[in-house]
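Below: one structure, written as structure tokens.
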There are 2 protein chains.
Amino acid sequence: MKIGELSARSGVSIRSLRYYEEQGLLSPLRHQNGYREYSPFAEEQVRTIQFYLSLGLTTQQISSFLHCVLKNEEAFCQEVLPIYQQKLAEIHEQIQLLESIKSNLEDRIRFILDERESNTKEK
Amino acid sequence: MKIGELSARSGVSIRSLRYYEEQGLLSPLRHQNGYREYSPFAEEQVRTIQFYLSLGLTTQQISSFLHCVLKNEEAFCQEVLPIYQQKLAEIHEQIQLLESIKSNLEDRIRFILDERESNTKEK
DNA sequence: CTTGACCCTCACACCAATGTCACAGTTTAT
DNA sequence: ATAAACTGTGACATTGGTGTGAGGGTCAAG
């Protein structure tokens, strides 16, 4: 199938499909006219890529194990676990930061509301 | 004081001080030679800016209320509360997203480890 | 007067996936 | 045959605070 069809089937923009190829995640054949020809498996492959992207992995990380996970169980691919663990640590750190900002904001919002209330009563 | 001193006192890079000015957060006087002259209050002002930035606010948001909070109690400045609330909502959303990724990663890590273990026992 | 330490402005780089043009060739349908 | 619908490459924009460097004034101490 050609790129437009793959895009329609997978819901991923043509731009992104070309980008994935540039990053080594897809390797469609080429027709003599230069058009990309994707195998029927490409659709699932694209969904797999999208899934890993949704976990916050970069195309570079994905490219390091995609060839393996497409042919095997994920658990079989040694490269995956350390990347997951590293990503989990990053996520954890980001959550910590956001939680601390959240507390800070909540405190200050509460303070402002309290302040307003006491000023209202005061009068 | 000149920019180098303010930078040293506040711990904020010269580059950032100039950027804050460009964004309307600081308005130092200028000497005839073009050098910026900061008042002694600038140090606290810069710390205030840094604090709001650490809450994840943009310079644009900060500029909308900085003039007020520098002269009044924060609770007095009407512009602050809606910005805090909006920011809190964003943070909340981001945390939700990260938490869902985190669960996903944890599940998959657990699965991989389980898989390895059962394969080990199997043999 | 010269050296070194400041200061100035302007501008590109960054991070990374995606959107969006511009411009051009190909195929398909009318 | 011509227009519409695809496809190709290339390149810039996005986000926003900060780093960094070029190229050039200013000033104080030796």
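Values below: all heavy atoms of this structure, side chains included; hydrogens, waters and symmetry mates excluded. Below, chains carry the letters A, B, ... as their sequence lines are ordered, and counting in each starts from 1.
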### Query
Between atom NE2 in H31(A) and atom P in dC6(D), what is the gap in whole Å?
16 Å
### Query
Does Y19(B) put a side-chain nitrogen or oxygen below 4.0 Å from OP1 or OP2 of dG17(D)?
yes
#### Entry: R36(B) side-chain proximity, nearest of dT26(C), dG16(D), dT9(C)
dT9(C)
### Query
Are any of N33(B)'s side-chain N or O atoms less than 4.0 Å away from OP1 or OP2 of dC27(D)?
yes
### Task
Would you mind reading off the distance between E5(A) atom CD and dT7(D) atom C1', rounded to a whole angstrom?
14 Å
### Task
Any chance you could lay out the salt bridge (Lys or Arg N to Asp or Glu O under 4.0 Å) test for K2(B) and E37(B), step after step, and finish with the verdict?
CA-CA 5 Å; K2(B) 296 205 290 299; E37(B) 176 64 31; over 6 Å; no
### Message
Quick check for you: among dT18(C), dC7(C), dG8(D), whose closest atom lies nearest to any side-chain atom of K2(B)?
### Response
dC7(C)
### Summary
Here the distance between atom P of dG16(D) and atom CD1 of I49(B), to the nearest Å, is 17 Å
### Task
Grab the CD-C1' distance between Q61(B) and dG17(D) for me, whole Å please.
14 Å
### Message
Expressed as a whole number of angstroms, how long is the span from R15(B):CZ to dC12(C):P?
### Response
13 Å
### Message
Whole angstroms only, please: what is the OH-C1' distance between Y38(A) and dT7(D)?
### Response
11 Å
#### Entry: NZ/NE/NH1/NH2 to OD/OE distance under 4.0 Å, R18(A) and E22(A)
no
### Query
So does R30(A) get a side-chain nitrogen or oxygen closer than 4.0 Å to the phosphate oxygens (OP1/OP2) of dT9(D)?
yes
### Summary
What one should report as the nearest heavy-atom pair of I14(B) and G4(B) is CD1-CA, 4.2 Å
### Query
Using 30° and 60° as the class limits, which term best fits the ring planes of Y84(A) and Y52(A): parallel, tilted or perpendicular?
tilted
### Message
For a quick test of reading the model: is some side-chain N or O of T59(A) closer than 4.0 Å to OP1 or OP2 of dA17(C)?
### Response
yes
### Task
Just compare dC12(C), dC7(C), dG25(C) and give me whichever is closest to any side-chain atom of Y35(A).
dG25(C)
### Distance below 4.0 Å between Y20(B) side-chain N/O and dT18(D) OP1 or OP2
yes
### Message
Using whole Å, what does the distance between atom C1' of nucleotide dG19(C) and atom CG of L17(A) come to?
### Response
14 Å
### Message
Can you tell me if E73(B) has over 12 outside heavy atoms packed within less than 6.0 Å of its CD?
### Response
no
### Message
If the cut-off is 4.0 Å, is T58(B) near the phosphate of dG16(D), judged by side-chain N/O to OP1 or OP2?
### Response
no
### Task
Take the protein atom CG of L6(A) and the nucleotide atom P of dC6(D), then report the distance between them rounded to whole Å.
15 Å
### Task
Remember a base hit wins even if backbone is also touched, and classify R18(B) as base, sugar-phosphate or nothing at under 4.0 Å, heavy atoms.
base
### Message
Any side-chain N or O of S13(A) below 4.0 angstrom from OP1/OP2 of dG19(C)?
### Response
yes
